[in-house]
Amino acid sequence: MTPNNETNNVTEIPKQYDPAAAQEKWTKFWDEKKLFRYEAEGQEQKPSAALEKKPFCIVIPPPNVTGALHLGHALNNTLQDITIRMKRMQGYDTLWIPGVDHAGIATQAVVERRLFEEEKLTRRDIGREALVERIWKWKEKYQERIIEQLKGMGCSCDWSRTRFTLDEVCAKAVRHFFFKLFQEGKIYRGKRLVNWDTHLQTAVSDDEVFHETVAGNFWYIKYPVMDVKQGEAAFVVVATTRPETLLGDTAVAVHPDPETALNKVIGDLKKRIETVPEKEKADLQSELEAIEKRKTDGTLDRLKTLAQMAKAGSKVLLPLLGKPIPLIADVWAKPEKGTGCVKITPAHDPNDYEVGKRNALPMVNILNKNGTLNENAGKYAGLTVKQAREKVVADLEAEGLLMKAEERMIELAHSDRSKTPIEPFLNDQWFVKMDELAQSAIDSVVSEGGLPPEIRIFPERYTKGYIDWLSEKRDWPIGRQLWWGHRIPIWYCKDTSEAELQSSFKNRNDITYQQDEESGDWRICSQTEDLSPDAVSGHKLVQEEDVLDTWFSSALWTHSTLGWPDDTPELQKFYPTGVLITNRDILTLWVARMVLAGKFNTGKKPFNEVYIHPKILDKYGEGMSKSKGNGVDPISVIAEFGADALRFALAYLTTENQDIRLTLDFECPHCGGSVEQTKKNRTQPKIQCPKCKKDFRTQWAELPEDKALPEGAMVGERFEVARNFCNKLWNAARFVLMNIQEEPQGRRSETCGLAGSLLEDRWILSRSATVTRDVTAALESYRYADAMRFLYDFAWDEFCSFYVEMVKSRLFDESQRQQAQTVLVHVLSSLVRLLHPVVPFVTEEIWQRLREFYPDLSVSIAVAPYPVCNENAINPEIEKQFAVFQELLRAVRDVRASRNVPPKTEITFSVRCGEQTAKLLKPMETYFLSMARARAVGWGETLKPATLSSTVPLTGMDLYVDLSELIDIPAERAKLEKEIAKLDGFIQSKESKLGSDFVQKAPAAVVEKERQSLTELQNQRQSAEKALHQLG
RNA sequence: GGGCGGUUAGCUCAGUUGGUUAGAGCGUCUGGUUUACACCCAGAAGGUCACAGGUUCGAGUCCCGUACCGCCCACCA
């Protein structure tokens, strides 16, 4: 019986794997079979406690609904899917919860920007409700898109549990969290300087601020001293880059003890100069000199006088406004900087704010929310900051109070959203006290008494940053001046009393309230329902306008998605979750807060492990982001290469300490030419192909005429490699399927029937077991690239290039066929199951075709048992023996290729070798014939080369290839001479090594190894020498 | 200013606790219609492991320094 008879449909297997078809088919199949769903209740056959599977849960780092996913997200989700699929196959009860994040600032900004671009409307034009409605629409659109992208990548999430950080389930958790914090006194109201975007009229976070160096000035301004006494200075001079802020000054400060402070700075600087590298010394030295000069040029004396005056209660006159303000002594004024005196503007500078608090200074806000100056600025009210600055400087000059102006480059903060300068602006703000909470999150990652920490972070080096950040224990500002988010569940009530509140809310344990010390107003927090304005009779309740920081809700993600605060079966089963897989820039903002919130709410850590993966960079080494335009849509890669290729490529590149650099280019859909992706064209909706001059569209196409153009795919070498690998696997499976059609032996166990005596069988089984062990270990410790390399090399170099090639002849031999099939199927089955977590579609396709022959295989590879390493099959001796065969085969092929033997010409060869080796290799003769078209004619210790043959000295053997008329004697001689020269080099270095201290000092085993190696080299040299003589 | 990572073949990257002659893919070159696969097969060329010092019998690997690239955090009257 020959393969490929007409009774079987395997001949229909296409030569090329078709990713699109497989993706569509198996996505649907998995969905229909509900393989990725976890059903908590209503299950017909509830497994007994003993049979209940161990739980393993991952919650997705919810992508922002600001836009579609790029390859960075693709990486993140691929790694999660690999992990969850492996766990599922290993028999865990798995749950991967998908979802998206409302991303307050970013999403509102995107929608607002669009509103303005398209309709020239601002949010104030349409109002809170209408804006929020629009953002919801945006969210619906992008959530759908994101979920589609995740599904397209093959993510095995339980889609029925998709969550959104603003949905009811999450909202409930947020309210409970806030209420609990408020009740325990961990939430308070304070002042905080925010980055005010005067264009968008919103506060933006530090992360959304970028600094740009602009040309500016350093102005020296004289503040006249009031009631000058004998020996006192008439002016205090301060230097500033922002003269207009003097309108909000409430003091001028000088250091209380400038001499000591200055000496300390000088001392520190001197110490540093000694330890610092040479090239930095010069700069520091001149800095030191400049500071030391202050002691002699009168600066210090003046500061000392001013310090005295400050202590005596001197006042200065605020220029332009003519307001008396105190001269104060405060350590914030550094005698080594500027003039040594500093103006204090508590409402517009974070440091000044602290000074203001310390010295009980008034805080004068001079800004309106739109960036113009307010009534506190006197005659400057109504001007923009820029206009005010010019006028202030002019007026100061006119009054003779401007001492000088220096030119200087200034780092100016700009809003990333509107690209306009940021104004620091002091605002009322809600805070969470971090002391205890932060400590609990630190404790979780610190190992004590040699025990592993509660939460392990991979790679370990990230633990430090996490701890350092938390150790600062800076209170967490949780309010945002936005409309998109969870509204802070606080209602203000004026002029009431505790008794009144008690009677209004009696028997309500979901209401709690506190009185503001300053204003006497009451703040009422409601855990569940929104309070109506007349909830307290005779008073009007007003809800807080601000919403909560996005991280406040995402901090709850691990338990809110599982149903907290309710004690759901899911929460009981899956919390703490297994691992959190995310990227490094949110380790603090998100991960740390999840730990502290999780512990605060549930008493338990939110996850056992955290894995931080690398960042995807473009060819310029820049991270992918929407704003830069270099974010590549995974779907466009999938369209070109398939989801499996995308996933394999990304996992293959996920190494421990290197970011992933991807060079991607456009492929012209018209001529197929490659168009380089540049910084310029990567944000354009359409591009003209430089070769065929035709236009194609990109992912940014919006206009109908652009969208009508064909899209240029994103191509990259790494994806090609991965696609080729998938295709290789596909074809290996195709070969196996074409050769197993007759009577299958039924489902075999992992080991039985495999104890064959053939070298190649035992070799591939040993290799398969080793790879199973190594891949599993690598994936379990998040070494994805290692795992991929093991699989790639095994599948391609060992299974395909050797085993499949060798097994061919046996498949045609009735007596050997069955054993060959058994091993072949066993190894393929292990291989596809090992690969399934990475390349789910192609492996499912193969699996389902295998099932046609082996019907008792699992219904889907997604729930098939993950291979377990059979330790008994691992045999290093066999692997060594096989390596001898490989060495010889390679040598024969090399002789053929380098001597230009025509491919069809059969050659003969003999091998001088020991009895053991001969016994080993003789049974392999058939493979030399099939794999190198070379016929073995002799094996033995005493063989000698024929005159017209090529000699290749190998490890413990010499290969003689009979070349007859093909021989080129001078060329052979040259080859041998070159070989001898090379060997001489090695021999010489070995001999000198063995003649040195090495022999005494190195471990005996290493020395012995070197001796053997030298002997081997000498033998080889001798063989080459002999062969040279033979040639005459 | 503090912290972290990187520098290995033309390109993109591996390289386990120090131990024979430093690996892969792509690209290049040679040859190939071998019945799984041209998204393939066989073979070859290509490296002062950034630079300088040290420890060691032995350094890509450990230590010190230098240069360059990248990231994070803080600060900047």
Side-chain angles (χ1 to χ4, degrees), chain A residues 3-4 13 15-17 211 218 238-242 245 253 277-279 332-334 337-345 349 351-352 410-411 461-462 464-465 468-469 472 584-585 587-588 614-615 617 619 621-623 641 645 652-653 655-663 716-718 720-721 723-739 783 785-786 789 792-793 797 800-801 804-805 808 890 893-898 900-904 930-933 982 985-986 989-990 993 996-1003 1005-1007 1009-1010 1012-1014 1016-1017:
Chain A
N4 292 356
I13 303 174
K15 285 186 172 188
Q16 266 187 25
Y17 167 57
H211 292 264
F218 204 43
V238 300
T240 180
T241 55
R242 304 203 48 192
T245 60
E278 204 57 46
K279 60 153 194 172
W332 166 242
K334 309 287 182 209
K337 285 185 160 183
T339 62
C341 296
V342 61
K343 58 196 271 312
I344 303 296
T345 323
D349 180 285
N351 294 304
D352 291 5
I410 301 166
E411 289 271 294
R461 66 174 185 278
Y462 289 113
K464 187 173 158 24
D468 288 350
W469 186 80
E472 291 179 24
R584 74 175 97 89
D585 29 299
L587 179 65
T588 51
K615 206 170 178 166
L617 308 175
K619 72 169 139 190
E622 295 175 15
F641 299 100
Y652 197 95
L653 293 166
T655 52
E656 190 170 314
N657 40 19
Q658 189 126 300
D659 284 337
I660 300 171
R661 200 154 180 164
L662 281 177
T663 299
E717 182 226 317
R718 311 312 301 239
E720 275 173 37
V721 169
R723 177 203 52 196
N724 296 353
F725 175 69
C726 293
N727 198 54
K728 185 74 178 176
L729 180 71
W730 172 251
N731 275 289
R734 182 169 180 264
F735 172 80
V736 173
L737 288 162
M738 286 167 78
N739 287 288
R783 289 179 290 115
D786 282 351
R789 222 182 46 248
Y792 185 98
D793 293 348
D797 299 337
C800 290
S801 294
V804 166
E805 287 308 317
K808 279 176 180 170
R890 170 178 278 256
R893 284 169 163 178
D894 182 23
V895 170
R896 287 197 69 113
S898 56
N900 296 321
V901 178
K904 285 191 174 146
S930 65
M931 296 168 85
R933 216 175 263 260
K982 199 171 106 190
F986 293 148
S989 81
K990 289 251 181 274
K993 192 172 188 179
S996 72
D997 286 357
F998 170 75
V999 183
Q1000 279 84 46
K1001 300 202 172 164
V1006 175
V1007 176
K1009 219 166 147 191
E1010 285 297 293
Q1012 276 175 16
S1013 163
L1014 177 62
E1016 178 57 39
L1017 287 168

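Sequence lines set the chain letters: A, B, ... in the order given, protein chains first and strands last, and positions in each chain run from 1. Side chains are part of it too, since the values below use all heavy atoms of this structure and drop only hydrogens, waters and symmetry mates.
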Taking the side chain as every heavy atom from C-beta outward, state whether [X] and [Y] have any pair of such atoms under 4.5 Å apart.
{"X": "A:V342", "Y": "A:V238", "result": "no"}
{"X": "A:W332", "Y": "A:I344", "result": "yes"}
{"X": "A:R890", "Y": "A:R893", "result": "no"}
{"X": "A:V1006", "Y": "A:F998", "result": "yes"}
{"X": "A:L653", "Y": "A:L662", "result": "yes"}
{"X": "A:R734", "Y": "A:N731", "result": "yes"}

Hey, which of these two, A:K1009 or A:K343, hits RNA chain B nearer its 5' end, going by closest nucleotide?
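Looking at the nearest nucleotide for each, A:K1009 comes out on the 5' side.
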Nearest-nucleotide comparison on RNA chain B, the residue closer to the 5′ end among A:K982 and A:K15:
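So the residue in question is A:K982.
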Check every strand shown and say whether [X] touches a base, only sugar-phosphate, or nothing at a heavy-atom separation below 4.0 Å.
{"X": "A:S898", "result": "nothing"}
{"X": "A:A333", "result": "base"}
{"X": "A:T240", "result": "sugar-phosphate"}
{"X": "A:I344", "result": "nothing"}
{"X": "A:C800", "result": "base"}
{"X": "A:R584", "result": "sugar-phosphate"}
{"X": "A:R242", "result": "nothing"}
{"X": "A:N351", "result": "sugar-phosphate"}

Taking side chain to side chain contact (heavy atoms under 4.5 Å, CB included) as the test, write out the residues that go with A:D797, two or more places apart.
A:D793
Among [options], find the nucleotide with the atom closest to the side chain of [X].
{"X": "A:R789", "options": "B:rA14, B:rG19, B:rA36", "result": "B:rA14"}
{"X": "A:K728", "options": "B:rC40, B:rU21, B:rC13", "result": "B:rC40"}
{"X": "A:D894", "options": "B:rC76, B:rA36, B:rA44", "result": "B:rA44"}
{"X": "A:S989", "options": "B:rU21, B:rC37, B:rU20", "result": "B:rU21"}
{"X": "A:N727", "options": "B:rA42, B:rU20, B:rC39", "result": "B:rC39"}
{"X": "A:R661", "options": "B:rC13, B:rA36, B:rU20", "result": "B:rC13"}

Look for any protein N or O under 3.5 Å of an N or O in nucleotides 3-7 of chain B and output each such pair with its distance, or none.
residue, atom, partner, partner atom, Å
B:rG5, O2', A:N657, O, 2.9
B:rG6, OP1, A:N657, ND2, 3.2

Taken in chain and number order and not counting sequence neighbours, the residues that satisfy side chain to side chain donor-acceptor pair (under 3.5 Å) with A:Y462 are A:R584
Could you work out, with side chain to side chain donor-acceptor pair (under 3.5 Å) as the rule, every residue matching A:K990, not counting sequence neighbours?
A:E1010
Within this structure, what is the [atom1]-to-[atom2] distance between [X] and [N], rounded to whole angstrom?
{"X": "A:F725", "N": "B:rA38", "atom1": "CZ", "atom2": "P", "result": "17 Å"}
{"X": "A:N731", "N": "B:rU35", "atom1": "CG", "atom2": "P", "result": "13 Å"}
{"X": "A:F735", "N": "B:rC40", "atom1": "CZ", "atom2": "P", "result": "18 Å"}
{"X": "A:L737", "N": "B:rC37", "atom1": "CG", "atom2": "P", "result": "14 Å"}
{"X": "A:R723", "N": "B:rC37", "atom1": "CZ", "atom2": "C1'", "result": "13 Å"}

Whole-Å [atom1] distance, [N] and [M]:
{"N": "B:rG32", "M": "B:rC68", "atom1": "C1'", "value": "46 Å"}
{"N": "B:rG25", "M": "B:rC64", "atom1": "C1'", "value": "36 Å"}
{"N": "B:rG60", "M": "B:rA50", "atom1": "C1'", "value": "12 Å"}
{"N": "B:rA45", "M": "B:rU55", "atom1": "C1'", "value": "37 Å"}
{"N": "B:rU7", "M": "B:rG47", "atom1": "C1'", "value": "14 Å"}

Parallel, tilted or perpendicular, as decided by the 30° and 60° cut-offs, for the rings of A:Y652 and A:Y792
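Answer is perpendicular, since the angle exceeds 60°.
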What pairs of nitrogen or oxygen atoms, one from the protein and one from nucleotides 24-27 of chain B, lie under 3.5 Å apart?
residue, atom, partner, partner atom, Å
B:rC26, O4', A:E717, OE2, 3.1

Could you spell out the base pairing of RNA chain B in dot-bracket, with Watson-Crick or G-U pairs whose two distances are under 3.5 Å, [ ] crossing and | to another strand?
(((((((..((((.....[...)))).(((((.......))))).....((.((..]....)).)))))))))....
Once hydrogens and angles are ignored, does a donor-acceptor distance under 3.5 Å link the base of B:rC37 to the side chain of A:R734?
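Donor-acceptor pair under 3.5 Å: no.
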Give a yes or no on whether a donor-acceptor pair under 3.5 Å exists between the nucleobase atoms of B:rA36, that is its base, and the side chain of A:E805.
yes
Salt bridge (Lys or Arg N to Asp or Glu O under 4.0 Å) involving [X] - partner list, sequence neighbours excluded:
{"X": "A:D468", "answer": "A:K464"}
{"X": "A:E717", "answer": "none"}
{"X": "A:R661", "answer": "none"}
{"X": "A:R789", "answer": "A:D786"}

Return the polar atom pairs (N/O with N/O) between nucleotides 29-33 of chain B and the protein under 3.5 Å, or none.
none

Looking at A:K808, I'd like to know whether one of its side-chain N or O atoms comes within less than 4.0 Å of OP1 or OP2 on B:rA36.
yes
Phosphate-side-chain proximity, A:T655 and B:rA14, N/O vs OP1/OP2 below 4.0 Å
yes
Polar atom pairs (N or O), protein with nucleotides 55-64 of chain B, under 3.5 Å:
residue, atom, partner, partner atom, Å
B:rC57, OP1, A:K1001, NZ, 2.7

Using every non-hydrogen atom in the two residues, find where A:P902 and A:R896 come nearest and quote the distance to one decimal.
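Closest approach of A:P902 to A:R896, heavy atoms only: O-NH2, 2.9 Å.
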